[in-house]
Amino acid sequence: QVQLVESGGGLVQPGGSLRLSCAASGFTLDYYNIGWFRQAPGKERAGVSCIKSSDNSTYYADSVKGRFTISRDNAKNTVYLQMNSLTPEDTAVYYCAAARFTFSAIQALCLMPGREVYVDYWGQGTQVTVSA
């Protein structure tokens with residue numbers, strides 16, 4: 001079965017850390033650009049961080065730059081999002097997405113309107129709640 005499965009979400013206090021995992025089954029992540037997106041209640045889904053398949057170049061939204069780190073472990077067929085110094089504004093459902101399309105710059109996957117047409121697979125989402 002071809003799917004992406006996120007894990008690692010949960011409840012954390014402000015200033016805490018979480019590591020999200022995005023594991024692929026049924027296909028190899030090596031050839032896919034991967035993006036982490038989040039959707040807070042009442043807001044549109046937004047790109048948080050993306051990593052390019054060809055050269056592992058990365059993009060981070062300004063709101064998470066310096067706090068979040070995206071990485072991939074091709075041997076485990078998994079992409080991670082390390083989230084540090086979490087704030088209540090980071091509360092959202094986090095999704096990972098895999099896109100085989102060749103983007104000239106990886107930020108396009110995170111930012112481009114209509115990017116959904118280029119995404120081959122979405123995960124089901126994992127809830128992250130930052131609260132005291």
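Listed by chain and number, the residues in a side chain to side chain contact (heavy atoms under 4.5 Å, CB included) with A105 are Q107 (sequence neighbours excluded). Remark: S17 pairs with N84 by the side chain to side chain donor-acceptor pair (under 3.5 Å) rule, at least two apart or across chains.
Among all heavy-atom pairs drawn from Y31 and R100, the shortest one is O-CD, 3.2 Å. When all heavy atoms of G8 and L18 are compared, the pair lying nearest together is O-CD2, 3.7 Å. Taking all atoms of both residues into account, the shortest heavy-atom contact from I70 to I34 is CD1-O, 4.1 Å.
Rounding to the nearest 0.5 Å gives a distance of 7.5 Å between CZ of R45 and CZ of R115.
The 12-atom threshold is exceeded at CZ of F101, counting heavy atoms of other residues, nucleotides or ligands nearer than 6.0 Å. The number of heavy-atom neighbours closer than 6.0 Å to OH of Y118, taken from other residues, nucleotides and ligands shown, is 12 or below.
Considering only heavy atoms from C-beta on, D90 comes within 4.5 Å of R67 through its side chain. Counting only heavy atoms from C-beta outward, the side chains of L29 and V79 approach each other to under 4.5 Å.
If you check the side chains of T129 and Q127, you find a donor sitting under 3.5 Å from an acceptor. Between the side chains of D30 and T28, no donor-acceptor pair is found at a separation under 3.5 Å.
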Worksheet entry | Test log, rule side chain to side chain contact (heavy atoms under 4.5 Å, CB included), inputs C50 and N33 | CA-CA 7 Å; C50 291; N33 305 296; over 6 Å; no
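When atom types are taken as modelled, the side chain of K52 and the backbone of T102 share no donor-acceptor pair closer than 3.5 angstrom. The backbone N or O of K76 lies less than 3.5 Å from a partner atom in the side chain of D73, making a donor-acceptor pair. Listed for the Q39 side chain is no donor-acceptor partner under 3.5 Å among the backbone atoms of A92.
Evaluation of the ring-ring contact (aromatic ring centres under 6.0 Å, His included) test over residues 45-96, restricted to residues two or more places apart or in two chains, returns none.
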